[in-house]
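For the single chain, residues carry numbers from 1 onward in sequence order.
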Amino acid sequence: PMEVRRFLVWLRQQGKVRNALLRECLGEVLGTFIFMMFGCAALAQVKTSRGSKGQYLSANMAFSVGHFSHLCCLLPHSGAHMNPAVSLSCCVLGRLAWSKLLPYCLAQVIGAFLAAGLVFLMYHDAIMSYSGGVLTVYGPNETASIFATYPVEFLSLGSSFLDQVVGTGMVLLCFLPLDDQQNSPAPPDLVPPLAATVLLGVSMSMSYNCGGGINPARDFGPRLFTFMAGWGSDVFTCYNYWFWVPIAAPMLGAVIGSYIYLIFIQWHLPDPDTDTCANALNILPKSIKSFTIPHDGKCVLSLDVC
């Protein structure tokens with residue numbers, strides 16, 4: 001046992017990643033992988049069982065459980081973005097360096113790609129039985145929607161773009177207050193379940209039109225996998241090359257949702273330093289009749305007592 005423990009200590013020392021950005025990207029790969037494993041596996045189970053082993057709500061809840069799980073695992077590590085739109089929002093708000101945006105996005109796509117591959121291996125026989133061995137994007141026995149999102153046939157391009165913008169904007173609008181220290185942030189232990197609940201609400205109310213993508217990595221990674229795994233180029237050319245909508249629209253929606261929160265809420269919240277000084281003044285005795293606050297913003301009082 002001592003030799004095993006020494007070997008494990010040595011292995012940990014040798015395998016420890018010392019580059020901070022690489023550690024964060026590894027976290028994003030794992031977090032997106034966890035999220036997509038829950039979601040895609042649930043979609044595969046519901047579709048290939050023809051609804052006998054779950055319903056659409058099952059998939060929505062599975063994605064939410066995946067979101068909760070990856071937040072619990074990675075929130076202190078990389079911020080647990082799991083979504084290029086969230087990473088872009090953090091860059092716009094100054095919470096993430098712009099130099100990290102591309103590595104984060106690539107890591108998230110890789111995580112989603114790997115999860116789609118593993119789900120395909122797990123449900124390969126069921127998918128082949130359901131589809132008759134023909135992997136298609138169209139028709140009653142299509143299976144591409146297990147992995148990527150596709151619009152309903154009657155939906156126009158403008159409506160589908162708006163759908164993804166609004167859905168992603170709502171996610172960011174509800175996520176941002178959870179850890180805004182100037183607002184009334186949620187306790188750290190409650191952030192994962194609250195964020196998962198927000199995602200569940202959005203997916204239950206805004207996923208009919210386009211499958212509830214609202215995440216470029218969630219859509220593009222599995223779509224790329226299906227292109228390589230036998231579904232062919234139809235995954236990109238179908239519905240008049242619709243694939244770019246769940247990539248571009250969520251990015252725009254995240255920025256719009258973030259600025260709506262800033263303009264309507266965050267900019268009007270009291271400054272923490274000023275608020276601290278005001279609270280201090282409220283508890284001072286009435287006999288104090290003057291005070292000064294230095295220009296450096298620190299709450300230091302110069303008192304004249306009657």
Selection [range] - residue pairs positive for ring-ring contact (aromatic ring centres under 6.0 Å, His included), sequence neighbours left out:
| range | answer |
| --- | --- |
| residues 190-210 | none |
| residues 140-191 | His67-Phe175, Phe147-Trp231, Phe161-Trp244 |
| residues 26-46 | Phe35-Phe63 |

Checking side chain to side chain contact (heavy atoms under 4.5 Å, CB included) for the pair Asn240/Leu157: CA distance, chi angles, key distance, verdict?
CA-CA 9 Å; Asn240 197 24; Leu157 178 63; over 6 Å; no
Hey, what else clusters with Val134 if you join Ile, Leu, Val, Met, Phe, Trp, Tyr whenever side-chain heavy atoms sit under 4.5 Å?
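Other cluster members: none.
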Cluster partners of Met204, using ILVMFWY side-chain heavy atoms under 4.5 angstrom, listed by chain and number?
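Other cluster members: Leu57, Met61, Leu200.
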My understanding is that only residues two or more places apart in sequence, or in another chain, count here; which of them pass side chain to side chain contact (heavy atoms under 4.5 Å, CB included) with [X]?
| X | answer |
| --- | --- |
| Phe225 | Phe113, Ala116, Phe120, Ala229 |
| Ser87 | His81, Leu96, Leu101, Tyr104, Gln108 |
| Leu155 | Pro151, Val152, Ser159, Ser160, Asn209, Cys210 |
| Pro103 | Leu21, Cys25 |

Val46 and Val65: same hydrophobic cluster, using ILVMFWY side-chain contacts below 4.5 Å?
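No, Val46 does not connect to Val65 through the hydrophobic network.
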Should Val137 and Tyr130 be counted in the same cluster of Ile, Leu, Val, Met, Phe, Trp and Tyr side chains packed under 4.5 Å apart?
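Each belongs to a different hydrophobic cluster.
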I'd like to check the salt bridge (charged side-chain N to carboxylate O under 4.0 Å, His left out) partners of Asp163; sequence neighbours left out, ordered by chain and number.
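With neighbours one apart ignored, the set is empty.
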Using salt bridge (charged side-chain N to carboxylate O under 4.0 Å, His left out) as the criterion, list what pairs up with Asp180, not counting sequence neighbours.
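With neighbours one apart ignored, the set is empty.
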Report the distance from atom CZ of Phe243 to atom OG1 of Thr149, rounding to the nearest 0.5 Å.
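If we round to the nearest 0.5 Å, Phe243:CZ and Thr149:OG1 are 12.5 Å apart.
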Is it true that the side chains of Ser131 and Thr143 contain a donor and an acceptor less than 3.5 Å apart?
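Their side chains do not contain a donor-acceptor pair, so the 3.5 Å distance test is not met.
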Min side-chain heavy-atom separation Phe68-Ser64 under 4.5 Å
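When only atoms from C-beta onward are counted, Ser64 and Phe68 do not touch, as no gap falls below 4.5 Å.
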So, using ring-ring contact (aromatic ring centres under 6.0 Å, His included) as the criterion, who are the partners of Phe220 when residues are at least two apart?
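Phe220 satisfies ring-ring contact (aromatic ring centres under 6.0 Å, His included) with no other residue.
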